[in-house]
Amino acid sequence: MDSQQKLSLFRAHLPGEEVQDGLLSSLLEDAAALICALTWRKEVPPELENAQVRLAVIFYNRMGMEGENAHQEGDVRRSVSDLPEALRKEIYAFRRACT
């Protein structure tokens with residue numbers, strides 16, 4: 001999947017929102033960097049490109065919450081984990097052995 005396809009898929013996850021391509025590209029690059037760090041690879045494996053987009057969507061949705069694990073306004077409490085368990089398992093399945 002090329003970068004334009006990833007941008008289009010990312011945009012599909014943000015219906016009705018007008019977001020500049022530069023921000024979306026930056027979040028996709030951040031997601032790629034995290035996947036590479038977790039798998040000890042230099043590039044995102046093709047099998048994890050959809051996971052890269054989903055991770056970038058998570059990054060987008062968490063903008064403004066940097067450094068927070070939980071947030072409460074009145075009776076509404078919101079908490080987040082660093083990386084959702086299902087996504088972590090999907091990414092870790094592609095880890096290389098550390099040498």
Side-chain angles (χ1 to χ4, degrees):
M1 176 181 329
D2 66 21
S3 60
Q4 282 304 111
Q5 290 172 313
K6 288 179 190 176
L7 274 175
S8 295
L9 185 57
F10 194 171
R11 223 173 255 300
H13 283 80
L14 308 174
E17 297 201 31
E18 294 294 324
V19 185
Q20 294 182 357
D21 284 351
L23 174 60
L24 299 182
S25 294
S26 177
L27 293 170
L28 283 167
E29 289 173 15
D30 291 346
L34 180 58
I35 289 171
C36 289
L38 292 173
T39 60
W40 299 308
R41 294 174 183 266
K42 295 186 186 292
E43 294 180 4
V44 175
E47 298 88 355
L48 289 178
E49 288 177 339
N50 283 326
Q52 177 188 0
V53 173
R54 292 193 320 271
L55 187 56
V57 170
I58 290 169
F59 290 167
Y60 176 81
N61 288 328
R62 290 185 183 169
M63 287 176 55
M65 284 188 70
E66 287 85 357
E68 288 185 316
N69 290 330
H71 182 78
Q72 184 169 347
E73 291 183 27
D75 291 338
V76 177
R77 179 172 170 74
R78 186 170 68 158
S79 63
V80 296
S81 63
D82 291 335
L83 186 62
E85 185 68 18
L87 191 54
R88 184 187 65 76
K89 285 181 180 181
E90 184 178 350
I91 292 169
Y92 279 8
F94 287 87
R95 284 181 121 178
R96 285 195 161 163
C98 187
T99 56

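From a predicted model like this one, the values you see are computed outputs, not experimental measurements.
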Report yes or no: do Y92 and F94 belong to one cluster of Ile/Leu/Val/Met/Phe/Trp/Tyr joined by side chain heavy-atom distances under 4.5 Å?
yes
So if you build clusters from Ile, Leu, Val, Met, Phe, Trp, Tyr with side-chain heavy-atom gaps below 4.5 Å, do L55 and M1 land together?
yes
Stepwise side-chain contact (heavy atoms from CB on, under 4.5 Å) test for M63 and L27:
CA-CA 10 Å; M63 287 176 55; L27 293 170; 4.2 Å; yes
Nearest 0.5 angstrom please: [X] [atom1] to [Y] [atom2], how far?
X: C36; Y: K42; atom1: SG; atom2: NZ; result: 9.5 Å
X: T39; Y: I91; atom1: OG1; atom2: CD1; result: 8.0 Å
X: L9; Y: R54; atom1: CG; atom2: CZ; result: 9.5 Å

Do the side chains of R88 and P84 get nearer than 4.5 Å, heavy atoms only?
no
Is there a side-chain contact between L87 and I58 in this structure, where contact means two heavy atoms from C-beta onward sitting under 4.5 Å apart?
yes
Kindly say whether I35 contributes a backbone atom to a donor-acceptor pair with the side chain of Q52 at under 3.5 angstrom?
no
Is there a donor-acceptor pair closer than 3.5 Å between any side-chain N or O of R95 and the backbone N or O of W40?
no
Kindly confirm or rule out a cation-pi arrangement of R62 over F59, judged by NZ or CZ under 6.0 Å from the six-membered ring centre and within 45° of its axis?
no
Looking only at heavy atoms, what is the nearest atom pair of A56 and A31, with distance?
N-CB, 3.9 Å
Non-hydrogen atoms of A51 and E90 that approach each other most closely
CB-OE2, 3.7 Å
Quick test of your reading: applying side-chain hydrogen bond (donor to acceptor under 3.5 Å, both in side chains), list the pairs with at least one residue in residues 8-27, sequence neighbours left out, ordered by first then second residue.
R11-D21, E17-Y60
